[in-house]
There are 2 protein chains.
Amino acid sequence: MVKAARKDALENRARIIEVARREVAASGVAELRLNAIAKEAGVGQGTLYRHFPTRETLLVEVYRQEVDDLVGLAPRLLETAEPVDALAQWFDQVAEYARVKRGVLAAVEASVWRGITNRSLGPIGDAITLLLDAGRAAGQIREDVDAGDVIVLIGYLSRLDEDEWSRRAHRPLRIVLDGLRRR
Amino acid sequence: MVKAARKDALENRARIIEVARREVAASGVAELRLNAIAKEAGVGQGTLYRHFPTRETLLVEVYRQEVDDLVGLAPRLLETAEPVDALAQWFDQVAEYARVKRGVLAAVEASVWRGITNRSLGPIGDAITLLLDAGRAAGQIREDVDAGDVIVLIGYLSRLDEDEWSRRAHRPLRIVLDGLRRR
DNA sequence: ACCTGAACACCGTTCAAGT
DNA sequence: ACCTGAACACCGTTCAAGT
């Protein structure tokens, strides 16, 4: 219970994110009850809405670390592997994150589904573009694809049940990868 | 207002489906309010639940015609085209249905996401299996894929906005198709 | 047997009142 | 400035009472 107003707000915000992160890890994105998060975080619902006007803005914060990790991984993979192999490894990492933090991709996908004028597909989109461009330059990736195509195709990862994971996660990724190759 | 009980029930059921179908066509699957459907159909909510215990059972009926069309199309395409081409044409038809009746695939997908013991993927799954098997027999399709892989990959079609359609519908399908080819 | 619709439960969202 | 939490809106689902 700190007095300084500004500090209060920041702490509230941090606590909301922390609680939401824990809740999502435990029960998944779909189960995320905003009112419950507010209560657990010890704030009023209005405070949650002040900090996060939409459900999505909250989820972006919840997954910020994971998204940053994935974005940072792309250029590093390109330093040590052929572009297509880098893409394959990056896919594997996405799958791994999606398994542990179901819904890492959910927020990303949302940006693709909506709006004609989505100038950017966000950081994840940029990472994919980087990988695709490198692959194209090396003649390994087909010319006619963009990051949005890849995002819609790998989005299934955020909807797989834990049960289905081992059976369904990796094979479709391989299909996508092979489909992206230059023929 | 017919008296015969059995007939009454059948008529109610038919009217519910009809209203739901119109509503889905107008506003999409996501906007489907079950209580509103009941009211519009002139029945109590309980009656709707008697006939359709879950939202999904209603949607299956709403899309029955379209699903039947797609299932019937697969063997016919195989009569006149090489398996991979048949698959390509079948994909195009799925895309076309998904555009007009957003959510044709939604009910189908649900069967994939849930349950370890999904012995069957339903009629759509059977149709895809037919196409894949023919392709494998002809040496055109890779050995290590099944209908479930294809369903999770093409599921994005049911989530595309109308705006995004022209830009995003077909290219990912091509990627999937090429990824399914034997290399 | 089948149907009705009030009532309950649940969750997101707003806003008047507080500090 | 920022926060609280009662209150409202909305929708799915149930069930006692009707026919």
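Only heavy atoms go into these numbers, but all of them, side chains included; no hydrogens, no water, no symmetry mates. Letters A, B, ... mirror the listed sequences (proteins, then strands); counts begin at 1.
Rounded to whole Å, atom C1' of dC11(D) lies 15 Å from atom CD of Glu23(B). For Leu32(B) and dC10(D), the CG to P distance is 17 Å, given to the nearest whole Å. At whole-Å resolution of the value, CG in Asp8(B) and P in dG18(D) are 20 Å apart. Atom pair Phe52(A):CZ and dT13(C):P shows a separation of 14 Å (rounding to whole Å applied). dC11(D) atom P lies 13 Å from atom CD of Glu40(B), rounded to whole Å. Residue Tyr49(A) contributes atom OH, which lies 15 Å from atom P of dT4(D) at whole-angstrom precision. Between Glu31(A) atom CD and dG12(C) atom P the separation is 11 Å, expressed in whole Å. The interatomic distance linking Glu11(A) (CD) with dC2(D) (C1') rounds to 13 Å, in whole Å.
In this structure, His51(B) does not reach the dC2(C) phosphate: none of its side-chain N or O atoms is under 4.0 Å from OP1 or OP2. Within the 4.0 Å cut-off from OP1 or OP2 of dC3(D), at least one side-chain nitrogen or oxygen of Asn12(A) is found. Here Arg55(A) reaches the OP1 or OP2 of dG12(C): one of its side-chain N or O atoms lies under 4.0 Å away.
In this structure, Arg136(A) contributes its side chain and Val145(A) its backbone to a donor-acceptor pair below 3.5 Å. Here the side chain of Arg21(B) pairs a donor or acceptor atom with the backbone of Glu61(B) at under 3.5 angstrom. Checking side-chain atoms of Trp90(B) against main-chain N and O of Leu73(B) turns up no donor-acceptor pair under 3.5 Å.
The side chain of Arg50(A) approaches dC3(D) more closely than any other nucleotide in the set dC3(D), dC3(C), dG12(C).
In this model, no donor atom of one side chain and acceptor atom of the other lie less than 3.5 Å apart for Gln89(B) and Asp85(B).
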**Fill in**
Symbol by symbol from the 5' end, with Watson-Crick or G-U pairs under 3.5 Å, [ ] crossing and | another strand, DNA chain D is ||.|||||...|||||.||
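Salt bridge annotation for Arg13(A)-Glu11(A): absent, with no cationic side-chain nitrogen under 4.0 angstrom from a carboxylate oxygen. The pair Glu143(B)-Arg182(B) meets the salt-bridge criterion, since a charged nitrogen lies less than 4.0 angstrom from a carboxylate oxygen. Using a 4.0 Å cut-off between charged side-chain N and carboxylate O, Asp144(B) and Arg174(A) make no salt bridge.
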Listed pairs, N/O of protein and of nucleotides 5-9 of chain D, under 3.5 Å:
unit_1 : atom_1 : unit_2   : atom_2 : d
dG5(D) : N7     : Gln45(A) : N      : 3.3
dG5(D) : N7     : Gln45(A) : OE1    : 2.7
dG5(D) : O6     : Gly46(A) : N      : 3.0
dA6(D) : N6     : Gln45(A) : NE2    : 2.7

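Counting any heavy atom pair closer than 4.0 Å across all strands shown, Ile37(B) reaches no nucleic acid atom. Contact annotation for Leu48(A): no contact, since no heavy-atom pair falls under 4.0 Å across all strands.
Across every non-hydrogen atom of Ala20(A) and Leu32(A), the tightest pair is O-CD1, 4.0 Å.
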**Message:** With side chain to side chain contact (heavy atoms under 4.5 Å, CB included) as the criterion, how do Leu173(A) and Tyr156(A) come out once you've worked through the C-alpha distance, each side chain's angles and the decisive distance to 0.1 Å?
**Reply:** CA-CA 10 Å; Leu173(A) 280 182; Tyr156(A) 75 89; 3.4 Å; yes
